[in-house]
Amino acid sequence: MAAPEDESSAQSQSSSATAAPTPPPPPSSAGDHYLAKCVLPPSVVLQVAYGYFRSPSSRDIVFGKETCLELVVISEDGIVESVCEQNVFGTIKDLAVIPRSKMAKDLLAVLSDSGKLSFLSFSNEMHRFSPVQHVQLSSPGNSRTQLGRMLTVDSSGLFLAVSAYHDRFALFSLSSSSMADIIHERIFYPSEDGGKTSSVQESCGTIWSMCFISKGFTESKGYDPVLAIVLNRKGSLLNELVLFRWNIKEESICLISEYVEAGALAHSIVEVPHSSGFAFLFRIGDALLMDLRDPQNPYCLVRTSLDLVPASLVEEHFVEESCRVQDGDDEGLSNVAASALLKLSDWDPMFIDTESDIGKLSYKHVCSWTWEPDRNYNPRMVICLDDGEFFVFELIYEDDSVKINISECLYKGLPCKEILWVEGGFLATFAEMADGTVFKLGREKLHWMSSIQNIAPILDFSVVDDQNEKRDQMFACCGVTPEGSLRIIRSGVNVEKLLKTAPVYQGITGTWTVKMKLPDVYHSFLVLSFVEETRVLSVGLSFKDVTDSVGFQTDVCTLACGLVADGLLVQIHQDAVRLCMPNMDAQSDGIRVSPPFVSSWFPENVSISLGAVAENLIVVSTSNPCFLSVLGVKSVSSHCCEIYEIQRVELQYEVSCISIPQKSIGKKRSRASALDNSCRAAVPSGMERGYTFLIGTHKPSVEVLSFSEDGGGLRVLASGMVSLTNTMGTAIRGCIPQDVRLVLVDQIYVLSGLRNGMLLRFEWPPFTHSSGLSSHCKEEMDIVVGERDNLTVNLVLIATRRIGITPVFLVPFSDSLDSDIIALSDRPWLLHTARQSLSYTSISFQPSTHATPVCSSECPQGILF
């Protein structure tokens, strides 16, 4: 669906060149080229389709959004979830579903300004729509007399019609089995060669609407299709309903009949599904139920006045949140500065006298409609009028007559360009210059469920760096009255959603993924902690509850957990530290006995407040009094281990967070990596031996501690004070560390997230020559810096950054010190640590309170939010 943009300009240049010679361009601009980069994909939904695109057993929704297609589903709680979004080459003009057999997926037919009719099929392997066939209908562009303005498909999926704006249309018969050549036969009206079709005057005029008229359930593949068109002939004040038949054997299109009635202006024709030749003809002020079973004699069965429908008196507005944040999916925004003061109001200054309009007839018309899916009897349709009122039309078949039941007004809002009724009783509505909405259809009204964001049109914007985040963001004035809004648009990276659970996990306090053995590549368990409960799920294609087979205590809130040795899992909660050996029911490498082995360590008359687990090391802290305990694990027998306390120290300040690096730091590297300066990093003094972990305190400060069992015990290697002031010299409040991590970039840093949304980076002071290392040691081992006779080193605060206003949690992608990190605050950020410095990128995802990496054979680089 490609539409070259320089073709028309090239033709105009060639024609103007014959009239007068144009001077050659200056040499400096002769080779200039420009690249237009999309900062934000289109958000306005102009077309919708509903069909079996991914599977013959489940339906999906497709949004046509100017230059892209988006496949979405509506969850059980009424939230629109995006499955995939892809750009197309050109602007989408229309799209429709081509139903296939019950054992096959539906196709999507798309018209664009490329002049092509494209047939697309969703590829589950590629996770996107892929073209099956392209049919070139006309040259690229938007000519009024060229085919490619609108399309319609008959209910059986055997025929398709495409029209131009004026005078012309084409019919196609489709193959129901072959995917290689979908188009079986085609015919154009008027004929391109002036053949067997009727006079051009029969279709001369503007085509407003069209649809196929089905013959009923007994129709066969050999029937001749009937196409109904709402046509406005040149010079006529009224639109006509014109019926055409395609005689396939004679390869001709003939006009069957015309229907016109004095009075209102007809604008749309809509076939009634699962009927035998009925259709609605929508006009200004009324709706006609047409009997077209005999195409040569069309007549009106029921006339429904739209002005007599009971009008709703109260206009409802639903606002999901006062501040809507839109994240872009590109790397950055242009440095454009603009300012505007806009006042959006629903007051019309030209509407002077409200009382003078009392008693006048305001001719309403139907601007959008949708049929209830999978209703084979007494079909129901939801309509939206041009004043924003929603009603339900229900057709009741009684003997040889048809009756229409009209509901009370279900809701009044903005007029909608498209509405779609989907399974589960949900109604998706799309206004032209405002957010879309998902409603739940109730007995007497529509219940608001969620919003579908639409930032168009952007009337003005300004790009600024807010909160000194060092990340430009756009403040945009979007929409029109009465739905105008100020929105924040940020650049960021996209997250591909692979799985979303139902909203059944209320009150989560922590999430962790745990391996079964230290060398394992994939995670085995997902631990979910709630306020008064803990559950353990197996990691795989589906999450299975294996809590009883793992051995975790279920009626407590887990503070921390992890793998302390092969096959040994640790759960830390307020009352105890629990050691578990999962059995084979939880994991194939588990012990063969049932129930799983469990052993516990209990603190003395105090409650545990925090904890952390790593290989051969457990660290817990208590408050009131403030103790820090280092625990170990020893084997008693082949299937029996116990936890013991190695050392306990009393602290002056309460601990706010604990972190243990999962990989050893002081191990020797290979000579090849040592000689590569880009891979070398300085290991501070004390980290090359024993175990290293980090804590944050309420002092506030961050501390780097080392523990060694060879007599050194627990000692503080480095300490960094957290003391921040604003530009006025006033101390910033809330500077308590919420999380702290050791990261490796060009050297080792301490990264700390605070409870006020700040992110701090500390480094060790510059290297001094007091360590006396030889050049040979520098080649063979990591450099040791900061040796000061075992004195505590004062960390240097080198960078501060605000990433939000809520506490910052740091979640590494892997156990490696140089892995990327997700920082969670009031929105998630991605911290790249593989470069020579830390790079911050906003993640296009809703705010999350917890996250954990999930590595499985099916999803090796997953993140659970």
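For reference, positions follow the sequence shown, starting with 1.
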Just by distance, do the side chain of [X] and the backbone of [Y] share a donor-acceptor pair under 3.5 Å?
X: Trp829; Y: Ile803; value: yes
X: Ser450; Y: Gly78; value: yes
X: Thr697; Y: Lys699; value: yes
X: Asn454; Y: Gly436; value: no
X: Ser43; Y: Ile455; value: yes
X: Thr622; Y: Pro625; value: yes
X: Arg741; Y: Val743; value: no

(request) Determine, stepwise, if the pair Ser623 / Ser609 fulfils side chain to side chain donor-acceptor pair (under 3.5 Å). (result) CA-CA 6 Å; Ser623 58; Ser609 58; 4.5 Å; no
Go through the structure and list residues passing side chain to side chain contact (heavy atoms under 4.5 Å, CB included) with [X], not counting sequence neighbours.
X: Asp826; answer: Ile805, Thr806
X: Ser856; answer: Val539, Glu858, Cys859
X: Ala476; answer: Ile458, Phe461, Met474, Cys478, Ile489
X: Cys657; answer: Pro737, Val740

Check salt bridge (charged side-chain N to carboxylate O under 4.0 Å, His left out) between [X] and all other residues, then give those that pass, not counting sequence neighbours.
X: Glu533; answer: Arg535
X: Lys65; answer: Glu70, Glu85
X: Arg648; answer: Glu645

(message) Determine whether Leu817 and Leu742 satisfy the following criterion, side-chain contact (heavy atoms from CB on, under 4.5 Å), listing intermediate values before the conclusion.
(response) CA-CA 7 Å; Leu817 292 180; Leu742 210 60; 4.3 Å; yes
(message) For a side-chain contact (heavy atoms from CB on, under 4.5 Å) check, start with the C-alpha distance between Val750 and Leu795, then their side-chain angles and the critical distance, and finish with the verdict.
(response) CA-CA 9 Å; Val750 175; Leu795 297 174; 4.1 Å; yes
Distance from [X] atom [atom1] to [Y] atom [atom2], nearest 0.5 Å?
X: Leu831; Y: Ile821; atom1: CG; atom2: CD1; result: 6.0 Å
X: Arg802; Y: Thr800; atom1: CZ; atom2: OG1; result: 9.5 Å
X: Glu76; Y: Met449; atom1: CD; atom2: CE; result: 10.5 Å
X: Ile748; Y: Glu763; atom1: CD1; atom2: CD; result: 12.0 Å
X: Leu563; Y: Lys515; atom1: CG; atom2: NZ; result: 9.0 Å
X: Ser82; Y: Ile452; atom1: OG; atom2: CD1; result: 11.5 Å

(request) Would you check, one step at a time, whether the test side-chain contact (heavy atoms from CB on, under 4.5 Å) holds for Val44 with Met433? (result) CA-CA 8 Å; Val44 55; Met433 296 187 185; over 6 Å; no
By side-chain hydrogen bond (donor to acceptor under 3.5 Å, both in side chains), which residues pair with [X], not counting sequence neighbours?
X: Thr67; result: none
X: Glu66; result: none
X: Thr849; result: none

(message) Using the ring pair (Phe, Tyr, Trp, His ring centres under 6.0 Å) criterion, which residues pair with Phe430? Sequence neighbours excluded.
(response) Phe63
(message) In the structure I gave you, are the side-chain heavy atoms of Val722 and Ser752 within less than 4.5 Å of one another anywhere?
(response) no
(message) Does anything in residues 652-661 form a side-chain hydrogen bond (donor to acceptor under 3.5 Å, both in side chains)? List the pairs, not counting sequence neighbours.
(response) none
(message) Applying side chain to side chain donor-acceptor pair (under 3.5 Å) to Thr437 and Ser451, what does each step give before you reach the verdict?
(response) CA-CA 4 Å; Thr437 307; Ser451 294; 5.2 Å; no
Minimum-distance pair of heavy atoms, taken over all atoms of [X] and [Y]:
X: Pro853; Y: Thr513; answer: O-OG1, 2.6 Å
X: Phe525; Y: Leu569; answer: CD1-CD2, 3.8 Å
X: Leu628; Y: Leu714; answer: CD2-CD2, 4.1 Å
X: Cys68; Y: Pro42; answer: SG-CD, 4.1 Å
X: Leu754; Y: Gly734; answer: CB-O, 4.3 Å
X: Thr558; Y: Trp512; answer: O-CH2, 3.3 Å

(request) Among Leu724, Leu751, Val808, find the residue that satisfies the side chain to side chain contact (heavy atoms under 4.5 Å, CB included) test when tested with Leu760. (result)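 Going through the options one by one, the only one that passes is Leu724.
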(message) Can you tell me which residue among Ile608, Thr509, Leu610 is in a side chain to side chain contact (heavy atoms under 4.5 Å, CB included) with Leu559?
(response) Ile608
(message) Before you tell me yes or no, could you show the steps for Val83 and Val73 under side-chain contact (heavy atoms from CB on, under 4.5 Å), namely the whole-Å CA-CA distance, both residues' side-chain angles and the distance that decides it to 0.1 Å?
(response) CA-CA 7 Å; Val83 178; Val73 295; 4.2 Å; yes
(request) Check step by step if side chain to side chain donor-acceptor pair (under 3.5 Å) holds for Thr792 and Ser719. (result) CA-CA 7 Å; Thr792 300; Ser719 176; over 6 Å; no
(message) Regarding Ser706 and Thr692, do their side chains bring together a donor and an acceptor under 3.5 Å, going by distance alone?
(response) no
(message) Salt bridge or not between Asp435 and Arg487? Use side-chain N to carboxylate O under 4.0 Å.
(response) yes
